[in-house]
Amino acid sequence: MGVQKKKLAFEQWMKIAGLAVALLVFAAIYTMPTPVALTLQGKSALAIFGMVFVLWVSQAIPTYASALLAIVMLSITGGWTQKEALAVFGQDVIWLMLAAFVITSGMEKSGVAKRLALFIVSKFGTTAKKALIALGIVNLILSFIVPSTTARAAMLLPICMMILQVYQSIPGESNFGKQLMIQEVHFNNITTSGILTATAGQIMAVGYIKDMTGMDVTWGDWLIASMPIAILTLVCSLVIGQLLFPSEVKTPPASSGKSAKDALGAELKALGKMSGTEIRAIIIFAITVFLWATDGNHLNLFGFQISLVMVAILAALLFYLPYIGVLNWKETKIPWDLMVFSAGAYAAGLALDASGAASFLLNGIFDKFDLQALPQFALFMIVMFIASFSHLVFTSKTVRVVILLPAIILIAQKVGVNPMLLALPASFTICDSITLPPHCKPNLIFYSTGYFTVKDQFVYGMLVLVCKWLLFGVAYFTWFRIIGLV
């Protein structure tokens with residue numbers, strides 16, 4: 001009881017202090033003289049981002065309220081135009097989230113998600129730790145065949161939700177729920193870093209390396225260099241998750257006199273044969289997965305291209321159609337408060353990019369160091385740190401590649417270092433966007449379930465990325481030397 005009171009007192013103190021600090025951050029940035037390299041619009045966007053960042057972490061006001069505050073302040077201060085700020089509600093990520101929850105609702109109502117979750121947990125996830133590892137392996141396998149972090153997140157969300165139902169995990173209260181949902185963000189993004197074709201940003205990075213240095217990076221080169229770091233980072237994520245959020249459950253709640261495995265097996269058997277509703281849901285989901293997995297080949301297959309978002313919306317449509325689907329609007333579970341937060345947070349991040357404030361911050365960081373005077377290892381570690389943590393001010397992987405990779409290659413050429421030594425490992429950080437919900441679409445999808453807070457994700461993600469950064473340092477003296485990168 002005493003511990004609970006102390007926790008509540010600390011949270012109350014954080015809310016009061018968070019509001020004061022947020023206002024001070026906004027005032028300090030907004031009233032400072034505008035630097036030569038930064039526009040007034042950029043300064044306003046930076047002040048608002050700093051303010052809402054503090055509000056998100058401290059939970060001083062509800063996240064959906066801070067999101068609406070960001071949109072209002074962007075318009076009032078000139079950080080972004082009203083039209084652009086409100087247009088974020090029409091961004092593809094918002095529609096993708098909406099469609100993902102329709103798909104999840106359809107899979108849940110049909111019973112397919114429960115059947116699949118019970119099968120996975122009864123066979124491979126009879127304990128909480130095994131369930132986490134099993135989902136990590138599924139994520140790794142999917143990253144080879146589905147070239148989109150967002151598609152994989154949308155595919156795994158209904159499975160994760162049902163597994164948490166099996167474990168009777170309550171959103172916002174369950175440590176196991178926090179672990180599973182945040183680790184899905186980590187698994188999704190970090191496994192992507194091990195496979196060149198798992199996201200378009202990495203392919204773009206290899207293109208920059210080829211164009212600016214003449215050096216080719218093959219699919220196999222990328223896999224050999226990056227996958228060991230990705231796997232070790234995921235191990236760090238599992239360990240840190242156990243320390244930060246020790247699970248309140250070891251195994252799924254069992255019926256009296258039965259083990260968890262027997263209870264789950266009996267529950268799975270009790271479902272009986274697949275119903276027509278389940279079969280229709282499986283067909284819709286299979287069509288969705290096929291279209292996501294063949295993204296990039298649609299022109300050859302059909303003569304036209306279907307975007308990732310349109311595939312999700314098509315799936316939602318099929319779930320709603322009479323005689324084909326299994327769902328109606330009233331049965332759809334959409335967390336509108338979290339959708340509003342996602343839109344506002346995305347607007348704050350996009351305004352940083354659009355106003356040039358993100359580029360200003362990045363250039364300022366590079367300018368602080370006398371790079372030519374640094375030992376090669378020190379230069380390597382500084383560049384890796386900036387490359388990884390630059391996602392804190394960039395919401396787009398593509399923007400990070402466009403701004404970061406050419407700058408890193410030019411720095412390497414300027415100081416006489418092999419460009420591949422800096423550019424290729426820096427490319428392995430493109431998907432390190434695991435610290436805040438608006439930093440990538442999978443983050444928003446899993447955050448919208450309500451199982452973890454912004455602060456939970458931020459602390460967890462920062463610790464994991466520090467581990468990954470240290471692994472880069474170890475790889476510099478070991479693995480990168482073995483494969484000839486150093």
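Just so we're clear, the structure is a prediction, and the values are computed from it rather than from any experiment.
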Problem - side chain to side chain donor-acceptor pair (under 3.5 Å): pairs with one or both residues in residues 475-486, sequence neighbours excluded - result: Gln376-Tyr476
Sub-4.5 Å side-chain heavy-atom contact between [X] and [Y]:
| X | Y | value |
| --- | --- | --- |
| Gln202 | Thr192 | yes |
| Leu422 | Leu379 | yes |
| Thr149 | Cys440 | no |
| Leu180 | Cys160 | yes |
| Leu223 | Leu196 | no |
| Gln457 | Phe452 | yes |
| Ile386 | Ile408 | no |

Side chain [X], main chain [Y], donor-acceptor under 3.5 Å:
| X | Y | result |
| --- | --- | --- |
| Tyr167 | Met162 | no |
| Ser355 | Ala351 | yes |
| Gln179 | Phe245 | yes |
| Ser44 | Leu40 | yes |
| Thr77 | Met73 | yes |
| Thr213 | Pro419 | no |

Residues in side chain to side chain contact (heavy atoms under 4.5 Å, CB included) with [X], at least two apart?
| X | value |
| --- | --- |
| Met310 | Ile306, Ser307, Ile313 |
| Lys130 | Thr126, Thr127 |
| Pro35 | Met32, Leu38, Phe360 |
| Glu248 | Ser169, Ser174, Asn175, Phe176 |

Identify all side-chain donor-acceptor contacts of residues 64-72 below 3.5 Å with residues at least two apart in sequence or on another chain.
{"unit_1": "Ser66", "atom_1": "OG", "unit_2": "Trp56", "atom_2": "NE1", "d": "3.1"}
{"unit_1": "Ser66", "atom_1": "OG", "unit_2": "Thr63", "atom_2": "O", "d": "2.7"}

Fill in the blank from the handout: For Glu84, the side-chain hydrogen bond (donor to acceptor under 3.5 Å, both in side chains) test, sequence neighbours excluded, returns Trp80, Thr81
Practice task
Using the test side-chain hydrogen bond (donor to acceptor under 3.5 Å, both in side chains), find all partners of Ser193 that sit at least two apart in sequence or belong to another chain.
Solution key: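 Applying side-chain hydrogen bond (donor to acceptor under 3.5 Å, both in side chains) to Ser193 gives none.
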Problem - Listed partners of Lys250 passing salt bridge (charged side-chain N to carboxylate O under 4.0 Å, His left out), at least two apart - result: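 For Lys250, no residue satisfies salt bridge (charged side-chain N to carboxylate O under 4.0 Å, His left out) once neighbours in sequence are set aside.
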Exercise for the section: Could you list the residues that satisfy salt bridge (charged side-chain N to carboxylate O under 4.0 Å, His left out) with Asp221, not counting sequence neighbours? Expected result: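 For Asp221, no residue satisfies salt bridge (charged side-chain N to carboxylate O under 4.0 Å, His left out) once neighbours in sequence are set aside.
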Handout entry: Modelled atom types, side-chain donor and acceptor of Thr294 and Asn297, under 3.5 Å
Key =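 Their side chains do not contain a donor-acceptor pair, so the 3.5 Å distance test is not met.
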Exercise for the section: Would you kindly say whether Ser433 and His391 are connected by a side-chain donor-acceptor distance under 3.5 Å? Expected result: no
Exercise for the section: Quick one: closest heavy-atom pair of Ser237 and His186, and the distance? Expected result: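 Looking at all heavy atoms of both residues, the closest pair is OG-ND1, 2.9 Å.
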Problem - Heavy-atom pair with the smallest gap, counting every atom of Met339 and Ile94 - result: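 It is CE-O, 3.6 Å.
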Sequence neighbours excluded and cut-off under 3.5 Å, please list the side-chain donor-acceptor pairs for residues 462-470, or say none.
{"unit_1": "Lys468", "atom_1": "NZ", "unit_2": "Phe428", "atom_2": "O", "d": "2.9"}
{"unit_1": "Lys468", "atom_1": "NZ", "unit_2": "Asp432", "atom_2": "OD1", "d": "2.7"}
{"unit_1": "Trp469", "atom_1": "NE1", "unit_2": "Met381", "atom_2": "O", "d": "2.9"}

Completion exercise
In this structure, CG of Leu234 is separated from CG of Leu140 (nearest 0.5 Å) by 8.0 Å
Handout entry: Distance in Å, Arg152 CZ paired with Ile141 CD1, rounded so as to fall on 0.5 Å steps
Key =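 Arg152 atom CZ to Ile141 atom CD1 measures 12.0 Å (nearest 0.5 Å).
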Handout entry: Whether over 12 other heavy atoms sit under 6.0 Å from Phe385 CZ
Key = no
Practice task
Sort and list the pairs that fulfil salt bridge (charged side-chain N to carboxylate O under 4.0 Å, His left out) and have at least one residue in residues 48-71, not counting sequence neighbours.
Solution key: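 Not a single pair qualifies under salt bridge (charged side-chain N to carboxylate O under 4.0 Å, His left out).
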Exercise for the section: Classify the ring geometry between Phe480 and Phe472 as parallel (under 30°), tilted (30 to 60°) or perpendicular (over 60°). Expected result: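 It falls in the tilted class, 30° to 60°.
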